[in-house]
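All values reported here derive from a predicted model rather than from experimental measurement. Keep in mind that the numbers below use all heavy atoms, side chains included, and drop hydrogens, waters and symmetry copies.
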Amino acid sequence: MGTGTIATDFVRVLAAMPDAAVAAVGSRSAERAAAFAAELGVPTATTHGSYEELVADPQVDVIYIATPSSRHVSDSILCLQAGKPVLCEKSMAPTAEEADRVLKLARQRGIFFLHGVWSRFFPAMRAIREAIASGAIGTVYSAHASFCQVARAPLPSILCNGSITVRRPSMYMSHVPGARRSLADGAGCCSAMAETGIYCIQFLSWVFGGDAEVAGVSYDLDRQSGHDTHVAATVRFGSGGIGTLECSLKHASPREAVICGTRGVIRIPFPFWCPTRFTIQRMEGPASQRWSEPEVFEYDLPSITGPFTFVHSEGLAYEAAAVHRCLRAGHTEADEFTSDECIRVMRLVSQIRSYWQ
């Protein structure tokens, strides 16, 4: 559902998986759906000129939602009401309340739903979890994640409605009430928190788990649109851990993450949200000044041919494989990112955004 750049990467991945088939493509026009299927070499897929037609297709087992983020809540509900399992691209909702609305509907109907935070499914993340559990860096008290990138826009200005961007203002201006123009990120979102911050906050939640509260936020807003362009936040977890994050559409950052414990640190280099590499460096003795050489751990990506728009898109195969396993087993959630964990993450996002909304 949706025929944008992330959908292109995802379909290329699905086409390389032996247990997957692209059964149908849904767009807001039949011409675009047909062109997308032909371009990506899935000409046998049924093409639909509306999302309502797509969710009614009996050949479809699960729907991947890759529409503009502003549609994710309504499109998820459309799929679930039609009885279709859903993998929804991030961010699944602008607020925790709307995310909870979707998740409750999925639970009530006993239908599989997964918020597509693909980070959770990378083998490197599993190995980092094992390293933490083994005590490799002692007791973990701190973690930090940074995801900052210079905003790029395919047009001089982008149409923003709420926290989301539509790429073709001339096409949609008359259909979006209260629309405003603002420079925005090329990935299609004019909110730093929604576009890159969610990766940071989910990482911190993954490290510490459990409930948390936002302890402080500093932010910049776009003067025209009011959308957040640079955010830094501190989060205090019930376990006693403290997480910090920075996300921005105004400047670059290393886009790395670090986990700090009483005996050392784990560093996850760019791109930390879809990692294939991390290091463990032990720091012990008086004032933690006895350092070891960093121990390097590396993991190959699936061997899938692109071209891809986004870094490490081959790793979307991990997420897709998890969806397949869940559906075969009759599960309605993935253990790697349950609905409870999802709503905890979305509540933190809402808490951070409440500082300016």
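Between F147 and F272, the two ring planes are perpendicular [angle over 60°; tilted spans 30° to 60°]. In this pair, Y219 and W356 present their aromatic rings tilted. The plane angle is within the 30 to 60° band.
S146 and S253 form a side-chain donor-acceptor contact under 3.5 Å, judged by distance and modelled atom types alone. Counted by atom type alone, E256 and H144 present zero donor-acceptor pairs between their side chains at under 3.5 Å. For the residue pair T338 and E333, no side-chain donor N or O sits within less than 3.5 Å of a side-chain acceptor on the partner. In summary, the side chains of S339 and R107 do present a donor paired with an acceptor at a separation below 3.5 Å, with no hydrogens or angles considered. Neither side chain, Q81 nor R109, offers a donor N or O lying under 3.5 Å from an acceptor on the other.
Taking each heavy atom of F10 and A320 in turn, the nearest pair found is CZ-CB, 4.2 Å. The minimum heavy-atom distance linking F112 with V323 is given by the pair CE2-CG1, 3.9 Å. Here the closest heavy-atom approach between residue R32 and residue S27 is recorded as CG-OG, 3.4 Å.
Counting heavy atoms from C-beta on, the side chains of S248 and H251 come closer than 4.5 Å. Residues I198 and M346 are in side-chain contact: their nearest non-hydrogen atoms beyond the backbone lie under 4.5 Å apart. Looking at heavy atoms from C-beta onward, T8 lies out of side-chain contact with F308 at the 4.5 angstrom threshold. Using a 4.5 Å heavy-atom cutoff, the side chains of C148 and T196 are not in contact. Counting heavy atoms from C-beta on, the side chains of H230 and E246 come closer than 4.5 Å. The shortest distance between side-chain heavy atoms of K250 and D220 falls below 4.5 Å.
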Would you give me the side-chain donor-acceptor pairs under 3.5 Å for residues 83-90, sequence neighbours excluded?
unit_1: K84; atom_1: NZ; unit_2: D57; atom_2: O; d: 2.8
unit_1: K84; atom_1: NZ; unit_2: V60; atom_2: O; d: 2.8
unit_1: E89; atom_1: OE2; unit_2: Y64; atom_2: OH; d: 2.8
unit_1: K90; atom_1: NZ; unit_2: E195; atom_2: O; d: 2.9

Donor-acceptor contacts under 3.5 Å from residues 131-143 side chains, at least two apart:
unit_1: S134; atom_1: OG; unit_2: A131; atom_2: O; d: 2.7
unit_1: S134; atom_1: OG; unit_2: A136; atom_2: N; d: 3.4

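T67 pairs by the side-chain contact (heavy atoms from CB on, under 4.5 Å) definition with M1, Y51, I65, R71, H72, D75, not counting sequence neighbours. For D335, there are no side chain to side chain donor-acceptor pair (under 3.5 Å) partners, not counting sequence neighbours. When the salt bridge (Lys or Arg N to Asp or Glu O under 4.0 Å) test is applied to R101, no partner is found at least two apart in sequence or on another chain. For R290, there are no salt bridge (Lys or Arg N to Asp or Glu O under 4.0 Å) partners at least two apart in sequence or on another chain.
With hydrogens and angles disregarded, no donor-acceptor distance shorter than 3.5 Å links the side chain of R325 to the backbone of H331.
Looking at Y318, F337, W273 one by one, the single match for side chain to side chain contact (heavy atoms under 4.5 Å, CB included) with W118 turns out to be W273.
In the displayed structure, R328 atom CZ is contacted under 6.0 Å by more than 12 heavy atoms of other residues, nucleotides or ligands. Atom CG of D19 is surrounded by more than 12 heavy atoms from other residues, nucleotides or ligands within 6.0 Å.
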Which is it for S205 and E341 under the side chain to side chain donor-acceptor pair (under 3.5 Å) test, yes or no, and what are the steps along the way?
CA-CA 8 Å; S205 184; E341 168 66 355; 2.9 Å; yes
Using the rule given for salt bridge (Lys or Arg N to Asp or Glu O under 4.0 Å), can you reason through R282 versus E295, listing the C-alpha separation, both sets of side-chain angles and the distance that settles it, and then say yes or no?
CA-CA 9 Å; R282 291 170 177 82; E295 188 176 0; 3.6 Å; yes
Show your working on ring pair (Phe, Tyr, Trp, His ring centres under 6.0 Å) between F237 and F208 and close with a plain yes or no.
CA-CA 7 Å; F237 289 83; F208 294 110; 4.9 Å; yes
D222 and T229: CA distance, side-chain angles, deciding distance, side chain to side chain donor-acceptor pair (under 3.5 Å) verdict
CA-CA 6 Å; D222 178 81; T229 56; over 6 Å; no
Decide salt bridge (Lys or Arg N to Asp or Glu O under 4.0 Å) for R236 and E213; before the verdict, give the C-alpha distance in whole Å, the side-chain angles of both, and the deciding distance to 0.1 Å.
CA-CA 5 Å; R236 183 176 293 276; E213 293 293 330; over 6 Å; no
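Interatomic distance, CG of L40 versus OG1 of T3, reported as 9.5 Å (0.5 Å rounding).
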